Amino acid sequence: MGEPSAEGIRIRLFAGLREQAGWSEHHWPAPAAHPHPTPRQLWLALQLPGELSSVRVAINHEFTTADTPLHDGDELAFLPPISGG
Amino acid sequence: MGEPSAEGIRIRLFAGLREQAGWSEHHWPAPAAHPHPTPRQLWLALQLPGELSSVRVAINHEFTTADTPLHDGDELAFLPPISGG
Amino acid sequence: MTVMSLHSSPPSAVAEAEDLQLKVDLCSEAFEPFACLEQWHRQLAAIGRWSAANSHFIGRVRSMATNGTPLLALELEHYPGMTERQLQQLATALCSRHGADSCLIQHRIGRVLPGDAIVLVGIGADRRGPAQRCCQDLLEALKHDTPFWKREWRSDGTGEWLIGNTPL
Amino acid sequence: MTVMSLHSSPPSAVAEAEDLQLKVDLCSEAFEPFACLEQWHRQLAAIGRWSAANSHFIGRVRSMATNGTPLLALELEHYPGMTERQLQQLATALCSRHGADSCLIQHRIGRVLPGDAIVLVGIGADRRGPAQRCCQDLLEALKHDTPFWKREWRSDGTGEWLIGNTPL
């Protein structure tokens, strides 16, 4: 797995997804051997419940795709279906 | 012209049309010989200014056409282009 | 403040939409739109008729006349009797069409100053789409199918009747 | 009342729409929509930025849960930081697209009771069409593209996260 970086990636879950997974925040120590995982890879690695296609992905507070490479220090969020307003 | 009825027809003008015509209200003594004039006939008889097609007609506070026969006691209004709200 | 109030519907309108909460006022002096709205919502809440979706429109008199010169005031003429009747008929028909539950209309008459509220339309419905669409349609109906006429009084002392309305 | 306020735009948003008057608040306690609107309009008037056309929407929490049982409360979760940023970006982009001059957004977070205002959107523009369309578009954006999640707390003690929104 290689040596984890200083910062790694902060992963956040919300609402129903948070409750299904049983956690709200996770620190992923980005290994030197695989420094740029994608949200899709982390979704699988963390064995998150349900289909990735049913959630939206945000990196550093901006919507993006599940295949955007992550960087050390990024904040990744998996957002279940929104119901604002 | 025949004898005017007891009530006749009350004719009202508004806004720019009232000012162009120089009057706001007129009493038309419906003659027995021609008891059901239309708004179009009165528009011509009163020599009102401009085109009848540019105004709307109301009888007893309801929009109607210029060819609706009037009855004794009716209130007829010629309404120049509306600008509410 | 002189207000001509039409809180109750005529018998025919009641039969068509007996559940509609309707209030139509012609105001001959300045009105405070938010105070009106707050009072109206408070009244609706008191009888359990508040709505989940509420769409409002407030129109204010511009500072400029249509010819680009400063505007002193708008003069609002109406057809007493027909204007109230027409507002009530249009509101009842449109609220029925859109399934809206409540309707508040306040409209100025007389001399209205720049910045003053000239019209307020407030619609309550169970969903946002009907509330928004009803509010829009009623505003158009009020602008095009209710006997109101605006005269612009300009800073050069001239006054001119407007023909029609600003574009949507 | 705790309010997270975003009265000033970030540098990038300022460059895009330097004339937009924008106020976005997330409110953790009940807010009075008409008092908010009145204060906002007063602020705009004080700097000469009042608008001729003003379109508002107020959404209130329904009394019934989506399964037809009485609703005790809605719980509103959000993503601190992203929610505010997203509201500000959406408002700036939509006001620019529609040519709107001012935008007020108030949105509840936390526990919200039936009848309470959950969202207020107020748009000012020079003409009614842009004001109405911008208000509608912003409400949809806020419902579908801003990280808020609603949980219904029902009278039987159960709580359920809602998937998506009521239809338009």
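Just so it is clear, the values below take in all heavy atoms, side chains as well, and ignore hydrogens, waters and symmetry mates. Small disclaimer: the values here were computed from a predicted structure and weren't measured.
Contact of the L48(B) side chain with the L13(B) side chain is registered, since non-hydrogen atoms from C-beta on lie closer than 4.5 Å. Side-chain contact check for F148(C) versus I109(C): some heavy-atom pair is nearer than 4.5 Å. Residues L162(C) and P81(B) are not in side-chain contact: their nearest non-hydrogen atoms beyond the backbone lie 4.5 Å or more apart. Looking only at side-chain heavy atoms (C-beta outward), S63(C) and L71(C) stay at 4.5 Å or farther from each other.
Rounded to the nearest 0.5 angstrom, D101(C) CG and L20(C) CG are separated by 8.0 Å. Put simply, CG on L37(C) and CD1 on I58(C) are 5.5 Å apart, with the number rounded to the nearest 0.5 Å.
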Inter-chain donor/acceptor N,O pairs below 3.5 Å: chain C to chain B:
from	atom 1	to	atom 2	distance (Å)
E77(C)	OE1	R18(B)	NH1	2.7
E77(C)	OE1	R18(B)	NH2	3.3
E77(C)	OE2	A15(B)	N	2.9
E77(C)	OE2	R18(B)	NH1	2.4
Y79(C)	OH	E75(B)	OE2	2.4
R85(C)	NH2	E62(B)	OE2	2.8
H107(C)	NE2	G85(B)	N	2.9
K143(C)	O	G84(B)	N	3.3
H144(C)	O	R56(B)	NH1	2.9
D145(C)	OD1	R56(B)	NH1	3.1
D145(C)	OD1	R56(B)	NH2	3.2
F148(C)	O	S83(B)	N	2.9
W149(C)	NE1	P80(B)	O	2.8
W149(C)	NE1	P81(B)	O	3.4
K150(C)	N	S83(B)	OG	2.9
K150(C)	NZ	G84(B)	O	3.3
K150(C)	NZ	G85(B)	O	2.9
R151(C)	NH1	E19(B)	OE1	2.9
R151(C)	NH1	E19(B)	OE2	2.9
R151(C)	NH2	E19(B)	OE2	3.0
W161(C)	NE1	E19(B)	OE1	3.1
N165(C)	ND2	G84(B)	O	3.2

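For chain B, the nearby parts of L142(C) are the backbone and the side chain; heavy atoms of each come within less than 4.5 Å.
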